[in-house]
Amino acid sequence: MAEQPIAFYFDASVQVAIAEQLKRKGIDAITARDIRKLRDSDPSHLRRATAQNRELVTHDDDFVKLARRGAAHAGIVFVPREHRNIGVVVKGLTAYWQAIDKDAARNLVWFLSPASDA
């Protein structure tokens, strides 16, 4: 496990079941639904995740565009829509969580795919 494990923030585009499975594994994860912020704008989600020092997990490539334009963030995990298999995403995020330190993740955009190895 990483020295300082990351925590996840799931925007409204990602299945809540993924966060729930990560929580059962002892991984710190919250969803926009948990905090009743489903309708917030993308920049608001990114600011909140960053303020809470959480990696934002999303299917929405607008977050990748925000990062490319220089928006600071605690990290973004982009999950392409074709990779919606909950088990595959949980496995990939768990491997990422085990391998990546919170400090190393800052301003990193990681693209999850079924073959991703963190």
Side-chain angles (χ1 to χ4, degrees):
M1 181 177 11
E3 191 171 311
Q4 292 182 18
I6 58 174
F8 293 112
Y9 177 103
F10 290 82
D11 77 343
S13 71
V14 181
Q15 304 94 315
V16 172
I18 295 169
E20 290 170 351
Q21 287 189 29
L22 291 173
K23 288 177 194 178
R24 282 195 288 274
K25 291 174 173 265
I27 297 173
D28 186 354
I30 63 167
T31 69
R33 185 181 85 174
D34 292 340
I35 59 172
R36 295 185 171 93
K37 298 292 184 183
L38 289 172
R39 297 190 184 271
D40 275 13
S41 68
D42 292 347
S44 292
H45 284 300
L46 190 58
R47 280 191 302 272
R48 182 175 304 106
T50 301
Q52 295 178 10
N53 203 19
R54 292 178 175 275
E55 294 254 348
L56 188 131
V57 181
T58 187
H59 290 299
D60 184 350
D61 66 357
D62 287 342
F63 290 100
V64 177
K65 293 173 187 170
L66 286 169
R68 283 187 183 144
R69 284 184 283 208
H73 54 87
I76 296 171
V77 178
F78 177 71
V79 183
R81 292 195 183 273
E82 62 267 20
H83 304 305
R84 286 184 163 244
N85 178 292
I86 291 171
V88 169
V89 175
V90 169
K91 183 178 176 182
L93 289 174
T94 300
Y96 181 73
W97 177 83
Q98 290 171 331
I100 302 295
D101 187 77
K102 195 179 273 196
D103 291 334
R106 184 155 302 285
N107 295 313
L108 174 71
V109 178
W110 186 62
F111 292 78
L112 183 137
S113 71
S116 289
D117 289 322

- Answer yes or no: is there a side-chain heavy-atom contact under 4.5 Å between Q4 and D103? yes
- Sub-4.5 Å side-chain heavy-atom contact between Y96 and L112: no
- Message: A side-chain contact here means heavy atoms from C-beta on lying under 4.5 Å apart; do D101 and I6 qualify?
- Response: no
- Message: To the closest 0.5 Å, what do you measure between CD1 (I76) and CG (L108)?
- Response: 9.5 Å
- Task: Flag the pair L93 / I18 as yes when at least one side-chain heavy-atom distance between them is below 4.5 Å, and no otherwise.
- Result: yes
- Task: Side-chain contact test, heavy atoms from C-beta onward, threshold under 4.5 Å: evaluate it for F10 versus V79 and give yes or no.
- Result: no
Review item, side-chain donor-acceptor pairs of residues 28-38, under 3.5 Å, at least two apart:
residue : atom : partner : partner atom : Å
D28     : OD1  : R54     : NH1          : 3.0
D28     : OD1  : R54     : NH2          : 2.9
D28     : OD2  : R54     : NH2          : 3.4
T31     : OG1  : R33     : N            : 3.3
T31     : OG1  : D34     : N            : 2.9
T31     : OG1  : D34     : OD1          : 3.1
T31     : OG1  : D34     : OD2          : 3.3
D34     : OD2  : K23     : NZ           : 3.0
D34     : OD2  : T31     : N            : 2.9

Listed pairs under 3.5 Å, donor-acceptor, residues 61-74 side chains, sequence neighbours left out:
residue : atom : partner : partner atom : Å
R69     : NE   : K65     : O            : 3.4
H73     : ND1  : G75     : N            : 3.0

- Message: Any non-hydrogen side-chain atom of E55 less than 4.5 Å from a side-chain atom of Y9?
- Response: no
- Item | Pairwise side-chain contact, D40 with R48, heavy-atom cut-off 4.5 Å (strictly under) | yes
- Item | Verdict with supporting geometry, V77 and L56, side chain to side chain contact (heavy atoms under 4.5 Å, CB included) | CA-CA 6 Å; V77 178; L56 188 131; over 6 Å; no
- Task: For T58 and D60, test the side chains for any donor-to-acceptor distance below 3.5 angstrom and give the result as yes or no.
- Result: no
- Indicate whether any N or O donor in one side chain lies under 3.5 Å from an N or O acceptor in the other, for R47 and T50. no
- Item | Hydrophobic cluster membership, V16 vs V88, 4.5 Å side-chain cutoff | no
- Message: Return the CD to CD1 distance between Q21 and I86, rounded to the nearest 0.5 Å.
- Response: 6.5 Å
